[in-house]
Structure formats: C-alpha cells, structure tokens
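What follows is one structure encoded as structure tokens, with my remarks underneath.
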Protein chains: 2
Amino acid sequence: MKQKSITIYDIAKEAGVSSATVSRVIARNYPVSAKTRKKVLDLIDKYDYQPNAVARSLTKKETKMIGFVLPDITNPFFSQVFIEAEKYALTKGYTLILCNSMNTSEMESKYLKILSERQVEGIILMGGRINKKLPDAVEVSEVSQVLDKLPVMMINGKIDGLHCHSVRTDEAKGMELAVNHLVRQGHKKIGLIGGVNGITTTDIKVEAYRNLLLKYDLTFRDSWQIYSGFDVQTGEEAIDKLLMLNKDKLPTALIGINDLVIMGALKACRRKRIKPFDFVGFDNTDLAKNSSPEITSVSHPYSQLGEKAIDLLINASKSSNESKDILLDPYLEVRESCSITKL
Amino acid sequence: MKQKSITIYDIAKEAGVSSATVSRVIARNYPVSAKTRKKVLDLIDKYDYQPNAVARSLTKKETKMIGFVLPDITNPFFSQVFIEAEKYALTKGYTLILCNSMNTSEMESKYLKILSERQVEGIILMGGRINKKLPDAVEVSEVSQVLDKLPVMMINGKIDGLHCHSVRTDEAKGMELAVNHLVRQGHKKIGLIGGVNGITTTDIKVEAYRNLLLKYDLTFRDSWQIYSGFDVQTGEEAIDKLLMLNKDKLPTALIGINDLVIMGALKACRRKRIKPFDFVGFDNTDLAKNSSPEITSVSHPYSQLGEKAIDLLINASKSSNESKDILLDPYLEVRESCSITKL
DNA sequence: CTGTTAGCGCCTTCAA
DNA sequence: TTGAAGGCGCTAACAG
C-alpha cells in the first residue's frame with residue numbers, strides 16, 4: 001500500500017454514478033445499463049482499479065481463504081497433496097494458506113489460532129495430532145474449539161469424536177496391492193520396515209500387513225517387521241536392525257512405510273555391500289521415480305485427495321450436519337525396484 | 001463462520017466499558033487500569049473471543065500477509081527456501097501465502113493479481129519470469145504494475161530496470177567451490193551438465209564454469225558442457241548426449257546444474273553400466289543427502305535467503321528508495337559422490 | 001485512564 | 001436501472 005489506492009468511490013465520482021452502481025458492475029449480480037457499465041469499466045481500466053478483497057471479506061463475511069496445516073512441505077508426500085488442493089481451490093476461487101507446523105504441536109496450535117483469526121472459511125489438517133492412536137486431550141480440545149467456528153477437514157487422519165469430514169487413502173488396500181505384487185513375483189518372505197507404533201497411518205499398514213501374511217499363508221516373523229520412523233536415516237537403521245535380528249533368516253522382499261524409508265534401505269544395502277531386497281515403497285513420491293533403482297510404490301490418488309478435501313470443505317456448511325468420511329483407492333506404480341534381485 | 005461470532009462490542013457491553021477500551025486491552029498500546037483490564041480479559045477468556053483480523057486489516061491498512069510466488073513447491077529447492085521464509089515471517093507476525101505457478105506464465109499473472117487484491121504487503125518472486133535473459137515485455141509490465149502498489153522481492157533472479165530488491169546466492173562463487181573441490185581431488189577433465197541457455201541461473205553458472213577452466217588451465221571442450229534442463233530425465237539425457245558426443249574422450253567429473261540432474265546422471269550410468277563420474281550437484285536439496293551415493297552439492301544459504309527476503313520486504317517501505325541487491329555466499333556440502341570412482 | 005466518533009472499502013437492502 | 005444509507009469489526013484521533 002505505497003500510495004493511496006483508488007476505491008469504488010473514486011470511480012463512481014468520475015463516472016457520475018453512485019458507488020453502488022460501480023459495485024454492481026464489478027459483481028455482475030444486478031442489472032446495469034450498458035451505457036453506464038461501459039463508462040465504469042473504462043474508468044476501472046484507466047486507473048487499473050482492483051477491488052479490495054479485505055473490505056469485501058468484511059462485508060460479505062467470506063474470505064475465500066482456506067488454511068492448510070501440515071508438518072513439513074519439504075516432505076514430498078505433503079507437497080503433492082497440497083499442490084493438488086491448491087490447483088483445485090484456485091478454480092473455485094479459493095486461496096490456500098499453507099502453514100508448516102515443523103512437526104511441533106505448538107506450531108500447530110499457533111497456526112490454528114492465526115487461521116481462525118484470519119477468518120479462513122475452513123481448515124485442512126494433515127499429519128501431526130490427527131494421526132495419534134492416543135490423542136492428546138489439549139490438542140483435541142483446541143481442534144474442537146476451532147470446529148465451533150469453522151469446518152475442518154482431515155486428510156489421512158482422524159480424531160475420534162470430533163465432528164468433521166475426512167478424506168483418506170485406503171492404506172489397507174494399498175498394503176494389499178504391495179503384498180499381492182510381491183507374492184506374484186514369487187516372494188514368500190516379506191518384511192515391513194519403518195513407521196512408528198501408535199501413529200495411525202503406521203498402525204493401519206502394520207495391521208493389514210499381518211492379516212495379509214496370514215491370509216496368504218506366508219511366513220510371519222516378528223523380527224521382519226521393524227518400526228523405525230519415517231525418514232531416510234531410520235530406513236538405514238531398520239536394515240541394520242533387520243540384519244542384526246535375523247542373521248541368515250532374512251526376508252527376500254521389504255515393504256516400506258514410505259519411499260524415504262526405502263531410500264534409506266537402499267543406502268544401507270549399498271553401504272553394507274549386501275544384495276538388496278526387492279522393495280515396495282508407499283506414497284509414490286517423486287523420490288520413487290527419481291532414485292536409482294526406481295522404487296515401486298503404492299500411490300495415493302493425489303489429485304482426488306486434494307480435490308475431495310477442498311470440495312467437502314467448501315460444501316461443509318451447505319450440506320447436512322453429518323460428517324463424511326471418504327475412502328479413496330490407492331494404486332500401485334510398478335517400477336524396477338521389484339526386480340532388483342534379478343539385475 | 002458458522003455462528004455469529006462475538007465482537008469487541010459484545011465484550012465491551014458485558015464489561016460495561018466502551019469498545020475502544022477493549023481494543024486497547026487487546027492491543028496493549030494504551031494504558032488501561034488493571035481492574036478493567038482484568039474484567040475484559042476474563043470475558044475474552046470466557047467467550048473464547050478472537051479478534052477479527054480482516055476487520056483489523058481494513059482499519060489499519062495492513063494485512064501482515066506476504067505473497068510468495070514460485071513455480072512448484074514440490075521442487076525441494078523452492079520448498080527449502082519457502083519454509084525458511086515462513087519460519088522467519090512468523091516470528092515477525094507475518095503470514096505467507098504460497099502460490100504455485102506450475103511453471104506457467106498465466107498462473108504467475110493470475111496470482112500477482114489475486115495477491116494484490118488481497119492487499120498483501122509485499123510479494124516474493126522466485127523462478128519463472130525473473131530468470132530470463134530476454135524478458136517478456138508483458139510479463140515485465142505486469143510486475144511493474146504490481147510494483148506501483150507493493151514492494152517486490154526477487155530471490156535468485158532479477159528483472160532489469162525494475163525498482164525492487166533482490167537476494168541471491170552467488171552462484172559464480174558456488175561454481176568456484178565445485179571446481180576447486182574437484183581439482184583438489186585430482187580431476188583435470190570436468191564437465192557441466194543440465195540447465196537451459198538463456199535462463200540466468202544457468203547462464204551465471206556456465207559462464208563461471210568456463211572462466212574457471214581457463215583460470216585453472218584445465219581442458220575445455222564444448223562437448224563437455226551439455227544444456228539439457230532441470231529435472232532427472234534431462235540429467236539422463238545429458239549423459240546419453242555426453243557419451244554420444246565424446247566417445248573415448250570423456251571428462252572424469254561432472255558438475256550438475258542442480259541435484260536432480262545428477263540424480264538423472266546416476267540413473268543413466270547405472271542403466272548403461274558405465275563407471276560413474278565424480279559428481280558435484282547444486283542446491284544441496286534433501287535429494288543430495290538421501291540418494292545413494294549421497295551427492296556432494298553446492299548449497300544455498302537457505303535460512304539467510306529466506307530471512308533476508310522477508311526482512312528487506314518488511315523494511316522496504318521504511319528504508320530509502322533505493323533497491324538493494326544482496327549477494328549471499330554458498331558453501332559446499334561434501335559427500336561421497338566425489339569419491340565414487342574409488343568405491 | 002476512558003468514551004465518543006468517524007471512518008477503512010465494499011455490499012446490500014430499501015426506495016425511488 | 002439507480003441512489004442513499006447502514007453496517008461488517010476494528011482502530012485512531014479527539015475529548016474529557
């Protein structure tokens with residue numbers, strides 16, 4: 001705001017009409033005679049007039065802004081969801097406000113407050129507090145308080161008892177895709193690495209993994225399922241642990257809680273100069289495509305995830321008072337990592 | 001805005017004071033008696049009152065929002081800068097609005113307009129139109145028009161003739177770090193792959209590269225400097241081309257315009273089963289750390305880049321009318337990719 | 001220390 | 001088809 005910006009009144013005065021008329025020309029929601037319309041439009045053009053969205057928001061009580069809180073946008077999983085949501089939101093006239101909580105509960109809380117004060121029309125939550133098996137009471141009540149004012153949308157997460165929509169990838173089905181694929185490749189000894197016990201996205205996968213091994217009557221060993229974390233380093237650690245625990249009774253294929261963990265596993269195998277396992281990752285991030293070997297990965301339906309999230313949020317007020325939970329199908333992106341042992 | 005939210009007036013009425021007093025309690029910028037302060041604060045607490053930032057913005061003519069337009073947040077280079085800027089902005093009370101142009105000029109234009117209407121207090125530009133040797137007249141005039149209303153900050157880019165600040169990494173110096181390092185490793189035949197002729201970030205690097213070879217009296221061959229692009233696939237293509245053009249007279253080390261290109265080069269070497277070169281990448285993204293082998297890379301000073309950008313923008317109005325151009329030093333993150341040939 | 005008042009820029013009845 | 005007027009929620013003089 002370097003210089004006094006011109007307003008609807010300036011246009012009105014010079015056009016010899018009222019501000020209401022100018023407003024109508026801009027909003028195109030009421031009839032205005034062709035003549036005055038042209039006069040007004042010409043002036044708008046002449047002065048390069050732009051409506052003040054802040055003032056409009058105050059009057060209309062709608063900001064056309066949506067908050068998006070996630071742990072860390074440098075994580076490709078989150079950025080892929082975010083960018084799809086943003087693209088779609090734009091077509092609906094909404095602007096997203098991205099908030100990186102940096103994986104801290106404090107930042108999450110802070111941003112919830114900021115977004116609420118900024119009068120966003122809804123908030124999308126990913127990661128963090130919505131992924132805990134044992135929710136923190138304070139964290140839940142904060143979200144609950146926000147819910148009194150705005151609709152909240154949770155992506156790949158949920159807080160029980162709170163009245164809000166959610167969209168999630170059916171990760172149990174994703175695990176099935178992974179296991180099926182490996183079985184079809186002839187594997188009978190399949191391990192699972194990464195993740196943290198008590199984080200729901202991990203729990204869902206682990207449970208599905210166990211059930212599937214049972215279902216397919218495959219060897220199951222506790223020591224083939226290694227919790228470790230979500231990043232590359234923990235992937236390396238998982239391999240170290242796997243080797244330590246299993247000596248000669250190793251699995252032939254490994255599923256990773258995400259692609260990063262598989263990247264770590266690849267690094268560890270290389271470091272230890274052991275023949276790599278066949279791998280299947282989760283999330284189908286750019287990493288999976290860009291690493292060498294390329295990593296076969298269970299993919300989220302990213303664009304659907306983003307679009308559904310926005311759609312449900314936008315329509316949250318209109319629709320009935322029930323909260324919807326949408327489950328979307330993942331798919332498998334097959335790449336070379338599943339035939340490493342043959343390379 | 002599900003329910004009629006309570007305002008400063010509601011608080012004022014129940015406290016038996018005027019709205020101005022409540023405002024003062026909140027803003028803490030004018031003396032208020034301890035007694036009334038407490039009364040007001042208690043009510044704020046009781047009703048979970050939150051100030052309406054939109055209304056405040058309208059009155060104060062400051063939104064505390066900054067727009068950040070970049071090509072694609074899924075690119076780790078951009079996301080690392082963004083997240084640093086966001087962290088810093090938060091400490092200064094500013095909220096960033098991230099806008100992904102998806103590498104299209106149209107989206108860039110659209111977002112410039114949206115941000116301006118939303119009354120952001122400044123705009124940060126990265127990539128896209130600010131990186132062209134031959135600027136597009138329309139693109140420039142759009143930015144120029146924005147500049148009439150707000151300060152604009154360009155990161156690692158510049159449009160000549162426009163009055164705005166810029167922050168950039170000294171990439172010529174970065175190239176020097178890379179070449180020095182390789183020379184110290186004993187390399188005399190150094191190639192450069194990736195980038196696009198006419199994109200300033202590429203041009204700067206290429207020019208520095210050529211000058212340095214000259215300076216160090218190293219072999220220079222046109223066919224060792226391959227333009228290709230900025231992603232993994234173009235990195236692969238660069239290797240193909242390099243092999244095709246050079247038969248037996250190959251360089252022993254390659255510098256990549258960025259880390260992605262090196263990832264591609266690694267893939268190509270693996271595919272072709274040729275002994276890899278020693279590599280040095282640019283940008284020091286997570287990829288460099290996570291890939292195997294890990295990639296030695298010239299790093300931007302990310303936090304400085306983000307912080308300076310925000311700082312200069314915030315102080316843009318206060319400071320003199322000159323535009324500042326800040327040049328920051330890169331550093332080299334040494335990893336194993338520089339001893340591949342010895343592995 | 002506190003209240004009154006007048007906007008910020010726009011939209012939306014209500015009347016004409 | 002148009003204008004007048006009030007108000008969105010808050011802040012900043014100006015009085016007191």
Side-chain angles (χ1 to χ4, degrees), chain A residues 1-41 43-44 47-65 93 116-121 149, chain B residues 1-41 43-44 47-65 93 116-121 149:
Chain A
M1 312 189 185
K2 284 183 170 179
Q3 52 191 48
K4 190 179 84 301
S5 47
I6 67 161
T7 75
I8 215 176
Y9 280 97
D10 303 320
I11 302 287
K13 191 159 62 178
E14 186 158 342
V17 298
S18 78
S19 66
T21 301
V22 178
S23 173
R24 286 175 189 126
V25 169
I26 294 166
R28 297 194 217 83
N29 54 354
Y30 285 94
V32 176
S33 79
K35 202 170 52 187
T36 54
R37 154 171 294 117
K38 177 166 172 20
K39 206 162 35 178
V40 169
L41 287 177
L43 287 168
I44 286 179
Y47 290 113
D48 187 33
Y49 164 79
Q50 287 191 307
N52 181 324
V54 172
R56 174 181 292 158
S57 292
L58 186 59
T59 332
K60 301 188 71 171
K61 288 168 151 303
E62 61 172 41
T63 54
K64 293 286 183 182
M65 298 197 299
S116 170
E117 290 185 355
R118 286 201 181 278
Q119 313 296 120
V120 296
E121 295 178 34
K149 311 189 179 178
Chain B
M1 314 188 187
K2 282 181 169 180
Q3 53 193 45
K4 189 180 85 295
S5 47
I6 66 161
T7 74
I8 215 175
Y9 280 98
D10 302 320
I11 302 288
K13 191 159 62 178
E14 187 159 341
V17 299
S18 77
S19 67
T21 301
V22 178
S23 173
R24 286 174 190 128
V25 170
I26 295 166
R28 297 194 217 84
N29 53 355
Y30 283 95
V32 176
S33 80
K35 200 171 53 185
T36 54
R37 154 172 292 115
K38 176 165 174 18
K39 207 162 35 175
V40 169
L41 286 177
L43 287 168
I44 286 179
Y47 290 114
D48 187 33
Y49 165 79
Q50 288 191 307
N52 181 324
V54 172
R56 175 181 291 158
S57 291
L58 186 59
T59 318
K60 301 189 71 170
K61 288 167 152 301
E62 63 172 39
T63 54
K64 293 284 182 184
M65 298 197 299
S116 169
E117 290 185 355
R118 286 202 180 277
Q119 313 296 121
V120 296
E121 295 179 33
K149 312 189 179 177

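Letters go in sequence order (proteins before strands), and every chain restarts at 1.
Taken from NZ in A:Lys39 to CZ in A:Arg37, the straight-line distance is 13.0 Å, to the nearest 0.5 Å. Considering CD1 of B:Ile6 and CG of B:Leu43, their distance stands at 8.5 Å, rounded to 0.5 Å.
To the nearest angstrom, C1' of D:dC10 lies 15 Å from CD of B:Gln50. Rounded to an integer number of Å, the gap from A:Asp10 CG to C:dG9 C1' is 10 Å. Look at CG on B:Asn52: it is 6 Å from C1' on D:dG9, rounded to the nearest Å. For B:Arg37 and C:dC1, the CZ to C1' distance is 11 Å, given to the nearest whole Å. Rounded to whole angstrom, the span from the CD1 atom of A:Ile44 across to the C1' atom of C:dC10 amounts to 13 Å. Look at CD1 on B:Ile6: it is 12 Å from C1' on D:dG9, rounded to the nearest Å. D:dG7 atom P lies 18 Å from atom CD1 of B:Ile8, rounded to whole Å. In this structure, B:Arg118 places its CZ atom 22 Å from P of C:dC8, rounding to the nearest Å.
Side-chain atoms of A:Arg24 and base atoms of C:dT13 include a donor and an acceptor less than 3.5 Å apart. A donor-acceptor contact under 3.5 Å links the side chain of B:Tyr9 to the base of D:dC10.
Within the nucleic acid shown, A:Val17 comes within 4.0 Å of sugar-phosphate atoms alone, with no base atom in reach, counting heavy atoms only.
Residue A:Ser23 places at least one side-chain N or O closer than 4.0 Å to OP1 or OP2 of C:dC11. Distances shorter than 4.0 Å separate none of the side-chain N or O atoms of A:Thr21 from OP1 or OP2 on D:dT2. OP1 or OP2 of D:dT2 has at least one side-chain nitrogen or oxygen of A:Ser33 nearer than 4.0 Å. Under 4.0 angstrom from either OP1 or OP2 of D:dT1 there lies no side-chain N or O belonging to A:Lys35. A close approach under 4.0 Å does occur between a side-chain nitrogen or oxygen of B:Lys61 and OP1 or OP2 of C:dG9. A:Asn29 has a side-chain polar atom (N or O) that falls below the 4.0 Å cut-off from OP1 or OP2 of C:dT12. A sub-4.0 Å separation between OP1 or OP2 of D:dT11 and a side-chain N or O of B:Thr59 is absent. Contact between the side-chain N/O atoms of A:Tyr49 and the OP1/OP2 oxygens of C:dC10 is found at a separation under 4.0 Å.
The closest side-chain heavy-atom distance from B:Tyr49 to B:Ile8 is below 4.5 Å. Here the side chains of B:Arg24 and B:Thr36 are not in contact, with every heavy-atom distance at 4.5 Å or above.
Here the closest heavy-atom approach between residue B:Glu121 and residue B:Thr63 is recorded as OE2-N, 2.8 Å.
Nearer the 5' end of DNA chain D, as judged by each residue's closest nucleotide, is the contact made by A:Thr36, out of A:Leu58 and A:Thr36.
Taking every side-chain heavy atom of A:Ala20 into account, D:dG3 is the closest of D:dG9, D:dA12, D:dG3. Of the candidate nucleotides C:dC10, D:dC10, D:dG9, D:dC10 has the atom lying nearest to any side-chain atom of B:Pro51. Closest contact between the side chain of B:Thr7 and the listed nucleotides D:dT11, D:dG9, C:dC11 involves D:dG9.
Remark: the backbone N or O of A:Ala53 is paired with a side-chain donor or acceptor of A:Ser57 at under 3.5 angstrom.
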